[in-house]
Number of protein chains: 2
Amino acid sequence: MGRVAKFDRDKAIEKVMYELWQKGYEACSVKSLSETLEITRSSFYHAFGSREALFKEALTKYFEQSPAKAFNEGNKQTPIKALFTDTFKHICSVVASANSLKGCMLVNCTSELANIHPDLSPYISDANKSIMAQFEYLVNCGKERKEITEHANTKALALILQNLLNGIYMMSKVPGNEDNLWLMAEQTLKSVDLYEG
Amino acid sequence: MGRVAKFDRDKAIEKVMYELWQKGYEACSVKSLSETLEITRSSFYHAFGSREALFKEALTKYFEQSPAKAFNEGNKQTPIKALFTDTFKHICSVVASANSLKGCMLVNCTSELANIHPDLSPYISDANKSIMAQFEYLVNCGKERKEITEHANTKALALILQNLLNGIYMMSKVPGNEDNLWLMAEQTLKSVDLYEG
DNA sequence: TAAATAGTGTACATGAATGTACAATATAGA
DNA sequence: TCTATATTGTACATTCATGTACACTATTTA
């Protein structure tokens, strides 16, 4: 079926993910991405269509490797407070580790592109909204499991959780040691009674 | 003393502040900023030295006009819980208003430039750290005033407050109606016993 | 082995962006 | 009015960046 590509498409997307994560969208020109992948721009357009299209693939890959993806595996059978506690603890540790890229690709892209980039802005908004929806779902699971009181405000808790998630990544860029990050996360979870340790 | 500038330097910085706030640092080239100001690049370099230098002036102006600057005016004579409650409420309302620029210039620039831009990165880190320090100071004032219990963890509270501040701006970019923002802020303040209403 | 096909590279035309050098301009004060 | 000087504009030499057209190359399968 014709000539085979001289590069591994999947590995290429991973490389691009790291570039975008680190440098942001606008800083990654087609020229610079092509040089990173050691292909010509022509091959780039042929393989990926456009920078926007590749961005979407890279963001998908980002979600797949994120320590926050554990939140997506929770359901009515999951001990919810333990899921929150363990996952946030794990995120703090991953994010603060020396060789980790700082910040969250989604947070970075949200501040760079939301309400700015005509094509990508809605895509990014949707990604944020689906995280929010997942937290609401998890809180509701906790209510069904009687771990969380029926009277708790689901939306408020989901907002606080999403804010905590974003904030851990954000703070990892500035003072950013694991102790501070976990101090914030632990106290937040405790103060809304979602901690279990 | 020579020819007078055809533009108002202070208004120019304000214009640049809005540009940077909205579009981010890299998206504001010297060319585009010069066009916005209706001066040539030559005049730009003459008047401001460099894009980096102007950025710093613009960020200073941003702080001066931010609704969060009320936090800087708190001291041992200030009712601290009321300060937190009122200021966060005000921020939610300002940020969600239709004609407001979305997001926080500092948050945007932190995700874009921290750990990336050699010259501006330390500058931005310092700005974040001084906000953190101010929150610690306010919490300590609250302790002296006996509004906040002596046993509270100052650092943890300051982290939570800074995270809330960042988060309000961040969320204003996505679902972003005032009700949601305030729901998050109110519940956060209540859950750490810094609410007074 | 030949054709079909998928991937690659060169080239083009164009505009954005940078920073500096030097000449032109306008104005305040002597 | 003259002159010192702050400000402005033109020009230059480069590099980055975009997207497409078309020719070239390698590989599969009929």
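In what follows, chains carry the letters A, B, and so on, assigned in the order in which the sequence lines appear, proteins first and then strands, with residues in each chain numbered from 1.
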## Note on the structure
Atom CG of A:D8 and atom P of C:dT8 are separated, to the nearest Å, by 12 Å
### Within residues 111-121 of chain A: residues closer than 4.0 Å to DNA chain D (heavy atoms)
none
### Query
Is any side-chain heavy atom of A:Y169 closer than 4.5 Å to a side-chain heavy atom of A:L106?
no
### Query
Is the shortest side-chain N to carboxylate O distance from B:E26 to B:R51 below 4.0 Å?
yes
### Message
Taking atom NZ as the centre, does A:K81 end up with more than 12 heavy-atom neighbours from other residues, nucleotides or ligands that are less than 6.0 angstrom away?
### Response
yes
### Query
To the nearest angstrom, how far is B:K31 atom NZ from C:dA16 atom C1'?
6 Å
### Task
Could you give me the CA-CA distance, side-chain angles and deciding distance for B:Y25 and B:F55, then say whether ring pair (Phe, Tyr, Trp, His ring centres under 6.0 Å) is met?
CA-CA 8 Å; B:Y25 183 74; B:F55 170 84; 5.3 Å; yes
### Query
When you look at CD of B:E52, are more than 12 heavy atoms from neighbouring residues, nucleotides or ligands closer to it than 6.0 Å?
yes
### Message
Check A:E136 with A:K129, please: is the shortest side-chain N to carboxylate O separation under 4.0 Å?
### Response
no
### Message
I need the residues from residues 32-59 of chain B with at least one non-hydrogen atom less than 4.0 Å from DNA chain C; give them sorted by number, or say none.
### Response
B:R41, B:S42, B:Y45, B:R51
### Message
Surrounding NZ of A:K69 (heavy atoms of other residues, nucleotides or ligands, distance under 6.0 Å), is the total greater than 12?
### Response
yes
### Message
Whole angstroms only, please: what is the CZ-C1' distance between B:R9 and D:dT7?
### Response
13 Å
### Task
Mark yes when over 12 heavy atoms from residues, nucleotides or ligands other than B:K61 sit less than 6.0 Å from its NZ; otherwise mark no.
yes
